[in-house]
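Let me begin by presenting the structure, written as structure tokens, before commenting on it.
Keep in mind that this is a model prediction, so the values were computed, not measured. Below, read A as the first sequence line, B as the second, and so on, with proteins coming before strands; counting in each chain starts at 1.
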Protein chains: 4
Amino acid sequence: MSTPIDPEMTHAALNAFLRAEFPQVAERLALSDVRAMGVSLRLHVGPAQLRPGGTVSGPAMFELADVAAYLAVLSQIGPVALAVTTSASIDFMRKPAAEIDMIATADLLKLGKTLAVVDVKVFSENDMNRLIARASLTYSIPVY
Amino acid sequence: MSTPIDPEMTHAALNAFLRAEFPQVAERLALSDVRAMGVSLRLHVGPAQLRPGGTVSGPAMFELADVAAYLAVLSQIGPVALAVTTSASIDFMRKPAAEIDMIATADLLKLGKTLAVVDVKVFSENDMNRLIARASLTYSIPVY
Amino acid sequence: MSTPIDPEMTHAALNAFLRAEFPQVAERLALSDVRAMGVSLRLHVGPAQLRPGGTVSGPAMFELADVAAYLAVLSQIGPVALAVTTSASIDFMRKPAAEIDMIATADLLKLGKTLAVVDVKVFSENDMNRLIARASLTYSIPVY
Amino acid sequence: MSTPIDPEMTHAALNAFLRAEFPQVAERLALSDVRAMGVSLRLHVGPAQLRPGGTVSGPAMFELADVAAYLAVLSQIGPVALAVTTSASIDFMRKPAAEIDMIATADLLKLGKTLAVVDVKVFSENDMNRLIARASLTYSIPVY
């Protein structure tokens, strides 16, 4: 777990990748931090993410977690690899505020030759001490 | 598991609920079947659901599974209950075709007083024999 | 998903493998059926599997599910491969009777080059219509 | 998440509970720490926990995680409540050494009225920086 960050996938490179390859989500998701083995991603909460009762939808949080985890993997293995999500489990623990942006922190727990496992914690931006949701996602890394 | 379908949540009632309460997703999701302990839901695959390489995104499939499971629960307990997803696990097993609608079949495995567990299978519409993804979702049902 | 059963892993071969390689569990687990893409395994419920209140422990059911899934994978790829469980999710839905043997049915949902996904359903033997637990297990298959 | 530890469930009380109620596992599991919102539990690795190739079995790690999580819940709600595991997901990330005891740290992520969610990390005792497995377990707390 001591691999240094691929210099091609700095904050700027990952951000450019996000905007080029995921135009469908780039207007609502913004990379806020790139660390040694992880990234932080922000979800701009708008009407499309809300559900009755004034809360953020589960699928919107899942998308935030999945893209954050994917970027954490790419930050290490570079943009060429076609990693795909193979499994995910998520616990929704608290109701997020409806009009506050959300932050996901994604950290690599394992980066093997064929599998990566990523831990994702999801918070409302104004309270980074109260976990809203927590996910574990597994990515299959193609063998060349 | 022998509870009859709540007559207030027939196909028409569930469909009206989906359109009224989930306007954000009602243009891409359509209820196609309501059974004794389950429902089928269709995802209209459009550009917003695609990812690089011409495949349907994981979060789009998660949303399909989550809404299908939620409607399966509501078909039994009625529209008033504020059930919320508490946990979900999903396995993505095959790459779906990019331009084919997807179908989720959601079946109640357990309907308890405080928890419901729903099994969801996701297919491309043109091949209902090849599982694309499979999910298990748990809903917390409020105690009054 | 049409691969025929490896003739080296018939019921007798799988059973011999279970007894030789898993002597720690072979006295409580017995292979009861080998199908085209799955197996059934029986757990003999004894005092070591019980918990306070007269029910079968979750870990005992997890072991039953894990060994059943592993044998389902080996029935297809043969006994030499060192497949390892990489992830598992399980829902415990009903309380099993304390003195009834349990049956797990394990079916391959996907058998890829590097990953296999197995669905496992767990029942009390006297009621194969009421699901006690349901699991999804993923195995990593070594690439040679 | 600021509830103090129930004074009836100190280290000594939890340990006594473990030995009285789980005699089947008390000879291989030992409580090593009780914290504000969590516990640490040790698995003595013996022949019954091993698998071919000299590694600790997945079900042995699952049992360690499940009992640790259960004790973390009871340390807060006291010994009378009949909490039951309703779902669990676990990622097995590295092969543990065969002859080293294992340690699970279980921390409450949520303690609600009817559901508790616990994060569990599993290590080999001689390397608490390398995660062997990570689990998320949900317990249903009876409503009185």
### Task
Provide the full list of side chain to side chain donor-acceptor pair (under 3.5 Å) pairs with a residue in residues 38-57 of chain B, sequence neighbours left out, each pair given once.
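As it turns out, the side chain to side chain donor-acceptor pair (under 3.5 Å) pairs with a partner in residues 38-57 of chain B, which skip direct neighbours, are B:R35-B:S40, B:R42-B:D101, B:R42-B:E125, B:H44-B:D101.
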#### Entry: Among A:V84, A:T138, A:T85, residue most engaged with chain B (heavy-atom pairs, under 4.5 Å)
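If we count pairs closer than 4.5 Å to chain B, A:T85 comes out on top.
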### Query
Is the shortest side-chain N to carboxylate O distance from A:D119 to A:R134 below 4.0 Å?
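Between A:R134 and A:D119 there is a salt bridge, with a charged N closer than 4.0 Å to a carboxylate O.
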### Which portion of A:V67 sits near chain B, non-hydrogen atoms under 4.5 angstrom
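Looking at A:V67, just its side chain touches chain B.
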Heavy-atom cut-off 4.5 Å, strictly under: side chain, backbone, both or neither for [X] against chain A?
{"X": "B:D91", "result": "both"}
{"X": "B:P23", "result": "neither"}
{"X": "B:V25", "result": "side chain"}
{"X": "B:L50", "result": "both"}

### Query
Where is the tightest heavy-atom contact between B:I77 and B:I141, given as atom of each residue plus distance?
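In terms of heavy atoms, the two residues are closest at CD1-CG2, 4.2 Å.
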### Query
Hey, what's the ring geometry for B:F92 with A:F62, parallel, tilted or perpendicular (30° and 60° as the breaks)?
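Ring orientation of B:F92 relative to A:F62: tilted.
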#### Entry: Which of B:S89, B:S136, B:A133 touches chain A most, by non-hydrogen pairs under 4.5 Å
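The residue among B:S89, B:S136, B:A133 with the greatest pair count is B:S89.
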### Query
Is atom CD of B:E27 surrounded by more than 12 heavy atoms (other residues, nucleotides or ligands) closer than 6.0 Å?
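Count over threshold, so yes.
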### Message
Side chains of A:E63 and A:D66, heavy atoms from C-beta outward: is any pair under 4.5 Å?
### Response
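Of all side-chain heavy-atom pairs linking A:D66 with A:E63, none is under 4.5 Å.
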